[in-house]
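Labels below follow one simple rule: chain letters A, B, ... track the order of the sequence lines, proteins then strands, and each chain is numbered from 1.
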Amino acid sequence: MRRRILPILATLAGACVVALLVYGVSAQSPNRTLDELVRRGDYPPAPQAARMLPVLGASGKRSLASLRGKVVVLNFWASWCEPCAAEAPLLERTQSTLQRHDGTVLGVTYLDASPDSERFVRRYHLTYPVLRDTTGEFAHSYGTDQLPESFVIDRRGRIVAISRGQVEARFLTRAVALAERS
Amino acid sequence: MRGPAALLACLALVSAAVGASADAAASTAKPRTTLLAVERQVMCVTCKIPLQEAQSPQADLEREYIQDLVDEGDSEAQIKRALVSQYGPSVLALPAAHGFDLAVYLVPAAVVLALLATLALLLPRWRRRGRERPATVAAPPTLSAADEARLESDIARFD
């Protein structure tokens with residue numbers, strides 16, 4: 001019996017290390033549960049809506065939940081991301097349209113220094129509010145691993161459409177219309 | 001009238017001198033670390049490699065940001081805190097010692113302890129076997145009287 005204990009212990013230890021590695025890899029890889037739910041039409045509530053995030057270029061914090069009752073285009077971006085720069089004018093135009101219908105674009109910067117983000121806002125004349133995800137946890141809860149990414153949220157705080165990558169005008173028009181109807 | 005005017009002029013000169021020396025002190029704050037020392041401990045957040053190896057516009061922006069803080073006289077710890085507040089904890093090359101990241105520190109220690117425990121368990125056993133083996137090997141083969149006589153005659157023949 002004593003002879004068997006060592007191999008058993010070694011096997012158990014090896015299994016523990018492998019399990020740890022598997023967990024680590026799966027925890028790091030982006031979660032696509034939201035995409036699946038949206039595809040099925042089971043619009044999921046926007047994750048971490050109550051999380052308070054610092055406002056870019058101002059003191060104070062704000063949460064996504066504070067915009068409940070409005071259609072929100074939640075857009076993750078960073079100043080170093082070229083597609084983010086390419087889509088910025090479209091998002092600003094969308095903001096002008098949404099404002100008239102009691103909606104808004106909400107920018108969230110991620111992995112970006114605030115002076116660089118502020119320069120980006122000035123450069124592209126962005127008028128919509130921008131929050132800073134300083135820990136990356138807010139972005140991670142949306143499965144965000146590449147920038148830009150946009151989530152269209154209806155008045156009840158549910159995600160009705162997701163665009164991973166540079167957002168297109170056609171997508172925004174359809175998704176905002178869907179969010180206003182739902 | 002000349003007295004108060006002279007006093008005011010003196011005050012203005014003194015305040016200007018104090019202001020100038022304060023500005024000079026601020027602009028020549030003694031650096032407490034170097035860009036190189038901080039670069040080794042942080043990551044390029046977009047390229048996901050250590051900053052000291054990264055060559056990209058974002059890496060240059062990070063370097064500029066660090067250099068500004070170094071010039072302001074911030075310590076390594078202060079600069080790292082500032083970087084985390086800007087880019088998040090993923091900017092640090094070494095993971096934080098809490099949550100799942102704690103495994104980075106615990107697993108190697110646990111592996112070393114397990115190896116030491118295994119050695120402590122096996123070494124006495126190997127030593128015991130080592131001691132037992134020479135005793136069995138050392139026992140000389142016993143020869144019969146006939147074999148011994150033949151061996152002796154063989155040896156004599158070779159002499």
Side-chain angles (χ1 to χ4, degrees), chain A residues 2-29 53-54 56 61 76-85 108-120 131-140 144-148, chain B residues 42-48 51 54-69 72 79 81-92 95-96 98-126 129:
Chain A
R2 272 187 69 188
R3 273 188 193 171
R4 279 188 194 166
I5 285 176
L6 262 180
I8 289 171
L9 281 178
T11 312
L12 271 177
C16 284
V17 171
V18 170
L20 205 64
L21 282 173
V22 169
Y23 173 75
V25 170
S26 64
Q28 295 294 317
S29 53
L53 298 173
L56 179 71
K61 292 183 172 186
F76 289 96
W77 63 270
S79 61
W80 44 261
C81 140
E82 285 174 20
C84 302
V108 174
T109 64
Y110 166 57
L111 292 177
D112 203 17
S114 50
D116 302 332
S117 307
E118 285 171 31
R119 248 194 313 274
F120 185 96
L131 307 179
R132 296 177 58 228
D133 181 16
T134 51
T135 60
E137 286 171 26
F138 185 73
H140 192 70
T144 298
D145 66 331
Q146 53 184 350
L147 294 175
Chain B
V42 297
M43 304 288 284
C44 165
V45 288
T46 53
C47 4
K48 316 275 185 202
L51 186 59
Q55 297 297 332
S56 73
Q58 173 57 23
D60 292 339
L61 282 174
E62 279 184 55
R63 285 193 192 97
E64 267 176 43
Y65 184 73
I66 295 168
Q67 188 61 60
D68 286 347
L69 296 176
E72 282 169 24
I79 294 173
R81 269 200 299 277
L83 283 167
V84 168
S85 77
Q86 292 295 334
Y87 296 105
S90 60
V91 74
L92 297 177
H98 58 76
F100 178 73
D101 290 340
L102 193 61
V104 172
Y105 304 98
L106 289 184
V107 169
V111 168
V112 169
L113 280 177
L115 283 175
L116 285 176
T118 313
L119 277 178
L121 210 72
L122 291 180
L123 268 179
R125 203 179 290 178
W126 289 338
R129 270 189 207 161

Interface moiety of Val84(B) toward chain A, non-hydrogen atoms closer than 4.5 Å: backbone
Residue-level interface, residues 106-119 of chain B with chain A, non-hydrogen cut-off under 4.5 Å: Val107(B), Thr118(B)
Largest heavy-atom contact set with chain B, pairs under 4.5 Å, which of Pro54(A), Cys81(A), Ala113(A): Ala113(A)
Any residue meeting salt bridge (Lys or Arg N to Asp or Glu O under 4.0 Å) with Arg81(B), in chain and number order, not counting sequence neighbours: none
Which atom of Tyr87(B) lies closest to which atom of Leu111(A), heavy atoms considered: O-CD2, 3.2 Å
Value rounded to 0.5 Å, distance of CG in Asp116(A) from CD in Gln86(B): 8.0 Å
Portion of Leu122(B) that has a non-hydrogen atom of chain A nearer than 4.5 angstrom: side chain
Chain A contact via Ser90(B) - which portion, at a heavy-atom distance below 4.5 Å: side chain
Considering all heavy atoms, the nearest Arg132(A)-Ser85(B) contact: NH2-O, 3.0 Å
